[in-house]
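Each remark here refers to the structure printed beneath this line.
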Amino acid sequence: MNFIEEIVEKDLQERKNNGRIQTRFPPEPNGYLHIGHVKAICMDFGIAEKYNGVCNLRFDDTNPVKEDVEYVDSITQDIAWLGFKWGKIYYASDYFEQLYNLAIRFIKEGKAYVDEQTAEQIAAQKGTPTEAGQNSPYRDRSIEENLRLFEAMQAGEIPDGKMVLRAKIDMANPNMHFRDPIMYRIITTHPHHRTGRRWNVYPMYDFAHGQSDYFEGVTHSICTLEFVVHRPLYDYFIDQFAGDNFAGLSPYGPDYRPHQYEFNRLNITYTVMSKRKMLQLVQEGLVAGWDDPRMPTVCGLRRRGYTAGAIRSFIDKIGYTKVEGMIDLGLLEHTIREELKEQAPRVCAIFDPVKLVITNYPENGGEIITAENIDGKPELGTREMPFGRELWIERGDFLEEADKNFYRLSPMGREVRLKSAYIIQATGCDKDADGNVTTVYATYDPDSKSGTEGGNRKTKATINWVESGSAIDAEVRLYDRLFAVENPSADERDFRELLNPDSLKVTTAKVESALAGVEKQDHFQFLKQGYFVVDDDSKPEHLIFNRTASLKDNWLK
RNA sequence: UGCUUAGUGGUGUAAUGGUAGCACUACAGAUUCUGGUUCUGUCUGUCUGGGUUCGAGUCCUGGCUAAGCAACCA
């Protein structure tokens, strides 16, 4: 149980809010969801699910300059793909009318004023974390003038940037957010994706979020640590209005009060978790798009071959605390391997092929071998592998002069098993002028077929193969970590200089004919290579596989 | 020099005054028709000084360190 769940259970015990549990996931529709958001999603939806409550989706769409419907659609799709069910879909823009009225009321109570200074002047006056700020010269306008100007702002009579509405709190407050925070600014240059040109003023996050929670009846407003310093302001605005129940706007009675709680956000090594940086990577063509398999976005992870179950399991493993840390990318990879090893059919794919000729196999012979998709799991089915005199094997599986650490195919070596087929012994090879092996020769034991009595003989090594006449050429995209350094965000260099130049290698492999009919999102283990998924752009005549994760390999040492 | 938050093995996370545990990583061995998997084992930890207590990772107190906060972003 994490510390948020402890808070919830305590609240439940004390019958706070009559035992009602309501959370919300509040994305801003200005980018695609990434795995950091998934951590928040698992929290928000998880709490609601576990404690018999509801989690609503609320788009925090208070800034039309950055937001777009494109993102609303992708966000809902991603959440659905992850397997979460929201109660209702709300938008902060649903409350623009109420929020505007609250602002008017605030002005009438002498708690807000219209400031005509430039953004630079306001910033300069704000002071620093260690020095108090100065009052604005416009701070003590009359209520009537404030009212008139704010209405003029909304009427479209004031150009963008010329005026803002500020709360009159305390320019000397040690919490910078209390130094007369801006409540409303003018935006006329961009129509809002839902309200169009209806509004010329838009509320800031601090004036919108808590009130939106209140309108909806949210009990636990859970967010990440950077909002800790905003919490006093969240409480402040609600306190100002909750006295008379927001003039009757809450259906939950006078004792109801939403509370904000914060947990540590997710950081993962060798990646970035900033929407701004991701947008830059996309816009500058440094990746193929938001769903590039190297991206930490939900759609990128999906295209990489991560399953919703594995992603949720990963979030479950890392937990929730208030300690800011950095998760090993290795843990994420471990989680997808853990899932795929149970369900991904094994197939042979030869990445660096060299011809193997079995000299004592009949010249025009051939046969079909039936192999289990996963050894020892007959319930997952079988596949057919054509076998013949000429095969493709991995170049690295043959060494003309082997040392004792190499126990695969070699004329000097021992017998070797062809996976699911026969036991062979290398006899020699052909080489080109440069000394590269062009063909390997071997003899086989016809009585050693897998599954027969003669096949029970032990071999030290088993190698992969694909029959040359039936092999299919497939494009394989070998993905690796996006960045070359562990923590790109902490590096003084521009993050774009830190990209891993080997994050994608495209190559061709000879794959089994059984893969002819694969469909998008099918998962496989290419034996000894790694886990691969069929790419969204794959076609029957041009198969494309993305490497989800490599297999662990202890041999290189 | 302010406010806020936080310090448990390499990483993440438990222990709610009573044997510092789990997962990942690393290493070693066994098993294996994947140099994968599986199994077994090993290494490594309570930021620090003082105090309370029979007993402190936990409570009190001083210090140290780190992160966040000065968008008309969320």
Side-chain angles (χ1 to χ4, degrees), chain A residues 1-2 6 26-28 30 60-63 65-67 92 115 117-119 122-133 160-166 172-179 182-187 201-202 204-206 208-209 223-232 262 264 269 275-276 317-335 337-338 341-342 346 348 371 374-376 405-408 416-421 423 450-451 455-464 525-530 550-557:
Chain A
M1 188 165 62
N2 63 57
E6 285 175 8
E28 184 188 14
N30 69 343
D60 233 334
D61 55 349
T62 56
N63 185 2
V65 174
K66 292 184 176 176
E67 295 151 8
D115 198 336
Q117 299 181 102
T118 63
I122 290 175
Q125 259 170 10
K126 204 149 201 165
T128 70
T130 53
E131 294 168 68
D160 294 33
K162 290 294 178 193
M163 291 184 190
V164 289
L165 183 71
R166 299 178 73 179
N173 199 292
N175 182 338
M176 298 288 290
H177 296 277
F178 271 77
R179 323 249 260 228
I182 293 171
M183 297 165 61
Y184 267 90
R185 78 290 214 189
I186 303 168
I187 298 173
V201 290
Y202 291 91
M204 299 286 288
Y205 168 86
D206 285 309
H209 200 91
C223 58
T224 45
L225 249 25
E226 66 267 31
F227 291 98
V228 168
V229 285
H230 292 255
R231 190 187 339 118
E262 312 87 10
N264 59 342
T269 54
K275 277 197 272 188
R276 198 196 93 244
K317 287 184 206 299
I318 62 178
Y320 297 87
T321 65
K322 301 179 96 152
V323 186
E324 298 171 62
M326 177 75 77
I327 308 288
D328 262 315
L329 181 59
L331 184 62
L332 183 61
E333 293 184 334
H334 162 80
T335 312
R337 285 192 193 110
E338 186 178 48
K341 78 178 185 219
E342 300 293 336
R346 274 60 164 167
C348 287
I374 298 184
D375 288 344
N405 290 324
F406 184 88
Y407 45 82
R408 282 173 276 180
V416 162
R417 160 82 57 191
L418 289 173
K419 178 69 184 172
S420 305
I423 292 172
S450 293
N456 287 338
R457 191 157 90 233
K458 298 277 183 211
T459 57
K460 178 70 176 165
T462 299
I463 67 171
N464 302 138
Q525 183 193 110
F526 290 176
L527 283 161
K528 298 186 179 182
Q529 299 287 352
S550 62
L551 256 32
K552 292 208 294 186
D553 187 2
N554 291 322
W555 183 55
L556 293 176
K557 297 186 291 255

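Every value quoted in this text rests on a predicted model; they were computed, and no experiment measured them. In the text below, chain A, chain B and the rest are named by the order of the sequence lines, each starting its count at 1.
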So, OP1 or OP2 of [N]: does either fall under 4.0 Å of a side-chain N or O from [X]?
{"X": "A:Arg179", "N": "B:C69", "value": "no"}
{"X": "A:Thr62", "N": "B:A74", "value": "yes"}
{"X": "A:Lys126", "N": "B:C69", "value": "no"}
{"X": "A:Arg417", "N": "B:G35", "value": "no"}
{"X": "A:Lys458", "N": "B:U32", "value": "yes"}
{"X": "A:Asn264", "N": "B:U13", "value": "yes"}
{"X": "A:Asn175", "N": "B:C69", "value": "no"}

Remember a base hit wins even if backbone is also touched, and classify [X] as base, sugar-phosphate or nothing at under 4.0 Å, heavy atoms.
{"X": "A:Tyr407", "value": "base"}
{"X": "A:Val229", "value": "base"}
{"X": "A:Val164", "value": "base"}
{"X": "A:Ile327", "value": "sugar-phosphate"}
{"X": "A:Gly161", "value": "base"}
{"X": "A:Gln117", "value": "base"}
{"X": "A:Asn456", "value": "nothing"}
{"X": "A:Asn464", "value": "nothing"}
{"X": "A:Glu131", "value": "nothing"}

Take atom [atom1] in [N] and the same atom in [M], then report the distance between them in whole Å.
{"N": "B:G10", "M": "B:U46", "atom1": "P", "answer": "9 Å"}
{"N": "B:U34", "M": "B:G41", "atom1": "P", "answer": "24 Å"}
{"N": "B:C24", "M": "B:A14", "atom1": "C1'", "answer": "15 Å"}
{"N": "B:U19", "M": "B:A71", "atom1": "P", "answer": "49 Å"}
{"N": "B:C60", "M": "B:U5", "atom1": "P", "answer": "14 Å"}
{"N": "B:G12", "M": "B:G7", "atom1": "P", "answer": "12 Å"}
{"N": "B:A15", "M": "B:U58", "atom1": "P", "answer": "14 Å"}

Any Lys/Arg nitrogen of [X] or [Y] sitting under 4.0 Å from an Asp/Glu carboxylate oxygen of the other?
{"X": "A:Glu262", "Y": "A:Arg231", "value": "yes"}
{"X": "A:Lys66", "Y": "A:Asp61", "value": "no"}
{"X": "A:Glu338", "Y": "A:Lys317", "value": "yes"}

Tell me: [atom1] of [X] to [atom2] of [N], nearest whole Å?
{"X": "A:Lys528", "N": "B:U32", "atom1": "NZ", "atom2": "C1'", "value": "12 Å"}
{"X": "A:Phe227", "N": "B:A74", "atom1": "CZ", "atom2": "P", "value": "9 Å"}
{"X": "A:Lys419", "N": "B:U37", "atom1": "NZ", "atom2": "C1'", "value": "11 Å"}
{"X": "A:Glu262", "N": "B:C69", "atom1": "CD", "atom2": "P", "value": "14 Å"}
{"X": "A:Met326", "N": "B:A66", "atom1": "CE", "atom2": "P", "value": "16 Å"}
{"X": "A:Asn2", "N": "B:U13", "atom1": "CG", "atom2": "C1'", "value": "11 Å"}
{"X": "A:Asn30", "N": "B:A71", "atom1": "CG", "atom2": "P", "value": "19 Å"}
{"X": "A:Lys341", "N": "B:C24", "atom1": "NZ", "atom2": "P", "value": "9 Å"}

Which of the following nucleotides, [options], is nearest to the side chain of [X]?
{"X": "A:Thr130", "options": "B:G2, B:A74, B:U34", "answer": "B:G2"}
{"X": "A:Lys66", "options": "B:C24, B:C73, B:G35", "answer": "B:C73"}
{"X": "A:Glu28", "options": "B:G12, B:A74, B:U13", "answer": "B:A74"}
{"X": "A:Arg408", "options": "B:U11, B:A74, B:G35", "answer": "B:G35"}
{"X": "A:Thr128", "options": "B:U34, B:C24, B:A70", "answer": "B:A70"}
{"X": "A:His177", "options": "B:G68, B:U34, B:C69", "answer": "B:C69"}
{"X": "A:Lys322", "options": "B:C24, B:U5, B:U34", "answer": "B:U5"}
{"X": "A:Met176", "options": "B:C69, B:U13, B:C73", "answer": "B:C69"}
{"X": "A:His334", "options": "B:U13, B:G35, B:U25", "answer": "B:U25"}

*Is it true that a side-chain atom of A:Arg417 and a backbone atom of A:Ala421 form a donor plus acceptor pair closer than 3.5 Å?*
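Yes.
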*Would you give the length of the straight line joining atom CG of A:Leu165 to atom CZ of A:Arg185, rounded to the nearest 0.5 angstrom?*
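The CZ atom of A:Arg185 is 12.0 Å from CG of A:Leu165, to the nearest 0.5 Å.
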*Look at the aromatic rings of A:Tyr205 and A:His230 and report parallel, tilted or perpendicular, splitting at 30° and 60°.*
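Perpendicular, since the angle between the ring planes exceeds 60°.
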*Would you say the side-chain atoms of A:Lys275 and A:Asn30 include a donor-acceptor pair closer than 3.5 Å?*
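Side-chain D/A pair, A:Lys275 to A:Asn30: present.
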*Minimum-distance pair of heavy atoms, taken over all atoms of A:Leu331 and A:Thr335*: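 Distance-wise, the nearest heavy atoms are O-OG1, 2.7 Å.
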*Taking for each residue the nucleotide of RNA chain B bearing the nearest heavy atom, is the 5' side occupied by A:Pro129 or by A:Gln529?*
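Its nearest nucleotide lies further toward 5', so the answer is A:Pro129.
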*Taking for each residue the nucleotide of RNA chain B with the nearest heavy atom, is it A:Asp206 or A:Glu324 whose nucleotide lies nearer the 5' end?*
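Result of the comparison: A:Glu324.
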